[in-house]
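Below, read A as the first sequence line, B as the second, and so on, with proteins coming before strands; counting in each chain starts at 1. Because the structure is a prediction, the values reported are computed rather than measured.
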There are 2 protein chains.
Amino acid sequence: MNTSNLIAAISKHITLDEEEVSFFISVLLPVKIRQGEMVEKPGDTSKYFVHVVSGCLMSYYTDKTGIDHVIQFAQAGWWTGDLPSFTKQIPAIYSTRALTDSEVLLLPKTGMDDVLGKYLKFERYFRILFQNSLETHQNRLIQNLSSTAEERYLAFGKKYPSLEQFVPQKYIASYLGITPEFLSKIRRKLMEK
Amino acid sequence: MNTSNLIAAISKHITLDEEEVSFFISVLLPVKIRQGEMVEKPGDTSKYFVHVVSGCLMSYYTDKTGIDHVIQFAQAGWWTGDLPSFTKQIPAIYSTRALTDSEVLLLPKTGMDDVLGKYLKFERYFRILFQNSLETHQNRLIQNLSSTAEERYLAFGKKYPSLEQFVPQKYIASYLGITPEFLSKIRRKLMEK
DNA sequence: TCCTTTTCTTAATCCAGTTCAAGTGCTATG
DNA sequence: CATAGCACTTGAACTGGATTAAGAAAAGGA
């Protein structure tokens with residue numbers, strides 16, 4: 001499977017020599033996933049941090065009443081998974097599933113520890129990765145607090161135009177924090193305009 | 001001002017020698033802030049990442065209708081500030097203000113760049129810092145999506161018991177994503193039980 | 001192909017939380 | 001010690017979005 005896009009992304013932040021590149025690649029597990037397949041499920045301890053090469057995954061939390069809440073849609077080039085479960089090796093609370101047939105590179109916990117132990121500079125890449133993700137989450141938090149569902153839907157469509165094409169609407173509703181019924185209502189209202 | 005707690009916190013994740021410690025301390029600016037004073041305001045580019053030594057700060061977003069949304073309360077030992085503004089040197093969208101008289105250590109952007117450039121191992125500390133903060137934000141996002149205001153209030157009280165003592169209720173309401181009026185009603189309902 | 005299952009829509013009703021408006025209590029400052 | 005200004009409370013009216021229940025339209029799957 002193709003690792004060059006990931007290496008290119010990392011190389012935007014740190015300069016790698018051949019040895020570092022090949023060591024990093026050597027700890028990755030390339031895996032193909034069918035649409036609908038679970039990569040990770042709640043209760044299990046997460047073994048991998050998941051990098052999407054092609055396709056699209058989503059991770060979500062299922063609450064006590066059985067309702068799913070989408071945390072993230074992960075397209076090509078994104079990392080996903082249950083971070084607390086992965087880093088602390090505790091039971092996962094999120095599920096991660098493929099929305100389309102996908103190719104992923106799995107970074108095992110021990111592999112990440114080895115890479116970071118051996119080549120400290122990878123710390124910078126992950127620092128920047130988490131920093132950016134934190135900013136994204138802060139923005140989303142604020143948007144949830146300060147905008148209506150309609151505004152959030154419009155913003156979502158603008159930010160992730162490609163997702164709207166193939167992600168079932170009920171998951172988009174879940175990501176936005178509303179019911180599928182209400183999203184349907186919003187869409188009709190916008191069509192009529 | 002006392003830097004030993006910060007150094008101790010960092011030393012939980014990386015081992016520092018004397019030179020590294022003293023260089024890191026040398027880039028920090030110790031500052032005392034009065035209750036109510038602004039550390040950072042929207043529009044300005046953030047010059048510092050802020051570490052709280054004592055007291056309590058909060059950072060918040062003011063939306064287009066003038067309503068404040070609290071992103072974070074930062075107590076002793078926490079870092080705060082407008083992260084996108086700090087890292088990318090773009091205009092801030094958050095305000096940061098002292099809720100009590102406080103002592104902070106300011107880490108200037110150039111200081112952080114110097115530290116990370118000179119001693120790569122500090123990358124690990126910040127990677128873990130952002131990783132933990134990301135996990136906290138994911139949890140909060142999920143809680144906002146899956147719990148009622150009352151449940152969120154109770155969870156808040158359990159997680160940050162000390163804050164409830166001195167943080168004005170309107171800011172707690174803002175953090176919870178509800179109006180002060182509704183928080184007042186929740187509190188009365190809980191008292192009556 | 002037909003049948004089953006899942007997704008999406010529509011509409012009626014309901015409720016958690018908002019808005020508005022008025023009143024209470026505290027404390028800061030002259 | 002007066003008064004002005006916040007923080008907080010209360011209550012009534014309202015609304016954004018949930019719930020429930022039904023039907024229509026897609027999407028598998030044998």
A.B. asks: Report yes or no: is the cationic atom of A:Lys118 (NZ for Lys, CZ for Arg) closer than 6.0 Å to the six-membered ring centre of A:Phe23, at no more than 45° off its axis?
C.D. replies: yes

A.B. asks: For A:Gly36, which contact category applies under a 4.0 Å heavy-atom criterion: base, sugar-phosphate, or nothing?
C.D. replies: nothing

A.B. asks: Under 6.0 Å between ring centres, would you say that holds for B:Phe156 and B:Tyr175?
C.D. replies: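 Ring-ring flag for B:Phe156/B:Tyr175: true, centres closer than 6.0 Å.
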
A.B. asks: Let me confirm one number: the CG-CE distance from B:Leu163 to B:Met58, rounded to the nearest 0.5 Å.
C.D. replies: 12.0 Å

A.B. asks: Return no unless some side-chain N or O of A:Arg188 is found under 4.0 Å from OP1 or OP2 of C:dT10.
C.D. replies: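 Yes, because at least one side-chain N or O of A:Arg188 sits under 4.0 Å from OP1 or OP2 of C:dT10.
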
A.B. asks: Any cation-pi pair here, B:Arg127 with A:Tyr125, using under 6.0 Å and within 45°?
C.D. replies: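 Output no; distance or angle outside limits.
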
A.B. asks: Counting only side-chain heavy atoms from C-beta out, which of D:dG16, C:dT9, C:dA21 sits nearest to B:Glu181?
C.D. replies: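 Closest of the options to the side chain of B:Glu181: C:dA21.
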
A.B. asks: In residues 162-174 of chain B, which ones come under 4.0 Å of DNA chain D, going by heavy atoms?
C.D. replies: B:Pro168, B:Gln169, B:Lys170

A.B. asks: Start with the C-alpha gap between A:Phe122 and A:Phe24, add the side-chain angles, then the distance that decides, and say whether ring-ring contact (aromatic ring centres under 6.0 Å, His included) holds.
C.D. replies: CA-CA 9 Å; A:Phe122 280 91; A:Phe24 184 68; 5.1 Å; yes

A.B. asks: Please pick, from C:dA16, D:dT10, D:dA18, the nucleotide with the shortest atom-to-atom distance to any side-chain atom of A:Phe182.
C.D. replies: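 For the A:Phe182 side chain, the nearest candidate turns out to be D:dA18.
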
A.B. asks: Of the nucleotides C:dT10, D:dA18, C:dG17, which has the atom closest to the A:Ile178 side chain?
C.D. replies: D:dA18

A.B. asks: Does a side-chain N or O from A:Thr179 land closer than 4.0 Å to OP1 or OP2 of D:dA18, or not?
C.D. replies: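 For D:dA18, OP1 or OP2 has a side-chain N or O of A:Thr179 closer than 4.0 Å.
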
A.B. asks: To the side chain of A:Arg187, which of C:dG17, C:dA11, C:dT9 is closest?
C.D. replies: C:dT9

A.B. asks: Pair A:Tyr160, A:Phe73 - check ring-ring contact (aromatic ring centres under 6.0 Å, His included), show working.
C.D. replies: CA-CA 10 Å; A:Tyr160 305 107; A:Phe73 296 111; 7.7 Å; no

